[in-house]
Number of protein chains: 2
Amino acid sequence: MTTVRGARARARIEITAAIKDEARTQLAAEGAAKLSLRAVARELGMVSSALYRYFPSRDDLLTALIVDAYDAVGAAAERASAEAEAERPLDRWTAVCRAVRAWALAHPHEYALIYGSPVPGYTAPQDTIAPAARVGLVLIDIVRGAHTGEGVALPPLPDALSPEAERISTDLVPDLPPALAVALVAAWAQLFGLVSFELFGQFQRVVEDRDPFFTAAARRLGQDVGLLPGG
Amino acid sequence: MTTVRGARARARIEITAAIKDEARTQLAAEGAAKLSLRAVARELGMVSSALYRYFPSRDDLLTALIVDAYDAVGAAAERASAEAEAERPLDRWTAVCRAVRAWALAHPHEYALIYGSPVPGYTAPQDTIAPAARVGLVLIDIVRGAHTGEGVALPPLPDALSPEAERISTDLVPDLPPALAVALVAAWAQLFGLVSFELFGQFQRVVEDRDPFFTAAARRLGQDVGLLPGG
DNA sequence: GTCTATAACGAGATAGAC
DNA sequence: GTCTATCTCGTTATAGAC
C-alpha cells in the first residue's frame, strides 16, 4: 500500500507529512480550536486551496492529527508492554502506565487534543475508534495474561451494575469475570486522570516530585485490577 | 462588600452577571479559546469598550468564569457532604463523588474549562488556587473524620516516594499518615479521570449505563483511601 | 489523472478615523 | 460610541501545468 510507487506517490506522502507537522506546530501555539488551513498553507508556501488535495476539509486534517496521536500513545504503550514481557504482570502494568505518562509529557498538545476538552464543532468520525482503543487493549492484555482464574479480592458488584458489567465483560474481555472487567475500565479512566491532572496543572502546589508519585499510583491501579505484588 | 449600597452598585452587579452569563453561552458554543469580548458585547447590545469597565481584559473575564466554575463544583461537593453527614464515611464519599459528576454533566462546558485542556495563551492567576481546592478539601475532610488511627490496609510507600509523601502529608493533612495522604491525592485525580472520560466521550461504545458504573468506581476509590464498607 | 494557482463567496474579526 | 476599510477564515469553481 505505502510502497514506493513512484515520485508522485512519494511527493504526496511527504507533503501530507509536512502539512500535518505544520498543523501540529499550530496546535501547540494556538490550540485545536484555532487550527487554520490557511495558516498552515501560508507557512508551507502553498495556497489554501491546494491543501484540499490532501485533506478534504479542516475537520479531516484534525481527524488525521487525532488518529496520529492515538496511534503514537498506543504504540508507546505497546512497546513498553513488549519490552516488559518477561517481568511480573504488576511491573509490566506499571511500565505501560509510565510509558503513557512519558508520551504525554513529551507531547502535551497532542495529549490535550485526544484526552482534553472536545474541540468545539468537531465530531470524531469512526476512524478514531480503533486507534483510541490501543492503550486500553494493552492493559487488557496484561490483566488477561495474569489472570489465573482464582478469584482475586474484587469487591462484589452491586445489583444495579450487573447488567452493565455483563455487557462490558462480553464486549471487551469475555474470558474475565465481569467485576474484573469493570475494575479494568475504571482503572483505564483513572490512569488518564492522573496524567491529565499533572499535565493540565491541577498538581501545581500539590504534587512536586511527580515521577515517584505517579509510579506508586499506577502500581496501585494495577493492584486494583487484581495484579499481585508477589508476581 | 456585596451589600446593597445603591442603584449604581446594584446595576454594576447585574451587568457583571449578564456579561458572565453571555460569556458562558459563548463558552458552550465556541469554546474558551475563541471567547471574544467583542462578541459578548455585541450580544448584550453594548460596545466592546464598555466591557472593559467590568473586566479589564479577556483574561480577567476568563478568570472570573473559571473561579465561578470551581466555586460551583466546590459548593456542590460541600452540599453533598453536608447532606450525607450522618451517613457512613464511605457512603458520604460516594455521595460527594456523585455530586461532582452530576454537576459536571449539568455544566459540561464549565467543567471542560477547569478540568479540560488549558486555554492557549492563558495562565491562571493566584485567584483560582483557593476555589480549585474546594472539592479536594471536602474529600480530605471525609477521610480525616473517618480515620481512627488504626492502620488501614495501605500499601507500603516505596523509598523514592517518601520525601514527597512527607511533603504532601504535612502540606495537606498533617494528622494523617503520609501513605494515606498520597492515596488521597491520587484518588482525587482519579475521580476526575472517571468524570472526564465520560464527559469527553472516551466511554462511547465502552460504558453504556454510566451511573451505576461511576457509583461503583467512586465507591472503590473510597475504599482505596481507607474507608470501610462496614462503616 | 494529479496537482497548483487564481478568484471569489459569505461570514466574522479588527483597527482606526471620526 | 459609531462606521468603515481591511483583515481573517473555510470552502468552492475554474483554469491551466505536468
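Note that these values count all heavy atoms, side chains included, but never hydrogens, waters or copies made by symmetry. Just so you know, these numbers come straight off a predicted model, no measurement behind them. Convention: sequence-line order gives letters A, B, ...; per-chain numbering from 1.
The distance from atom CD of Gln26(B) to atom C1' of dG12(C) is 12 Å, rounded to the nearest whole Å. As a whole-Å value, the separation of Asp59(A) CG from dC9(D) P is 16 Å. Rounded to an integer number of Å, the gap from Arg58(A) CZ to dT11(D) P is 8 Å. Taking atom NZ on Lys34(B) and atom P on dG10(D), their separation rounds to 8 Å, with Å as the unit. We find that CZ of Phe55(A) is positioned 12 Å from P of dC3(C), with the value rounded to whole Å. One can place CD of Glu30(B) at 9 Å from P of dG12(C), the figure rounded to the nearest angstrom. Atom CZ in Arg10(A) sits roughly 14 Å away from atom P in dC3(C) (whole-Å rounding). Taking atom CE on Met46(B) and atom P on dG1(D), their separation rounds to 7 Å, with Å as the unit.
The only member of Leu199(A), Leu191(A), Val195(A) that meets side-chain contact (heavy atoms from CB on, under 4.5 Å) when paired with Arg101(A) is Val195(A).
Comparing Leu35(A) and Arg53(A) against DNA chain D, the residue whose closest nucleotide sits nearer the 5' end is Leu35(A). Summary of the strand contacts: Ser48(A) and Leu51(A) both lie near DNA chain C, and taking for each the nucleotide with the nearest heavy atom, the more 5' one is attributed to Leu51(A).
Of the listed nucleotides (dC9(D), dA13(D), dG1(D)), dA13(D) has the atom at the smallest distance from the side chain of Ser49(A). Comparing dT11(D), dT4(C), dG1(D) by their nearest atom to the side chain of Val47(B) picks out dG1(D). Of the candidate nucleotides dA5(C), dA8(C), dC3(C), dC3(C) has the atom lying nearest to any side-chain atom of Tyr54(A).
Distances shown here put every side-chain N or O of Tyr52(A) at or beyond 4.0 Å from the OP1 or OP2 atom of dT12(D). Remark: Arg42(B) is not in phosphate contact with dG1(D), judged by side-chain N or O atoms under 4.0 Å from OP1 or OP2. Residue Arg12(A) places at least one side-chain N or O closer than 4.0 Å to OP1 or OP2 of dC3(C).
Looking at Arg38(A), its side chain comes within 3.5 Å of the base of dG10(D) through a donor and an acceptor atom.
Below 30°, between 30° and 60°, or above 60°: for Tyr115(B) and Tyr70(B) the angle between ring planes is above 60°, a perpendicular geometry. The aromatic rings of Phe203(B) and Phe213(B) lie perpendicular to each other, with more than 60° between the two planes, well past the 30° mark.
No donor-acceptor contact under 3.5 angstrom links the side chains of Ser117(B) and Tyr111(A), judged on distance only.
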Trace of the salt bridge (Lys or Arg N to Asp or Glu O under 4.0 Å) decision for Arg205(A) with Asp171(B): CA-CA 9 Å; Arg205(A) 294 165 187 275; Asp171(B) 280 9; over 6 Å; no
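Within the nucleic acid shown, Ala11(A) has no heavy atom closer than 4.0 Å to any nucleic acid atom. Residue contacts for Ile15(A): at a heavy-atom cut-off of 4.0 Å it reaches the sugar-phosphate backbone alone, with no base atom in range.
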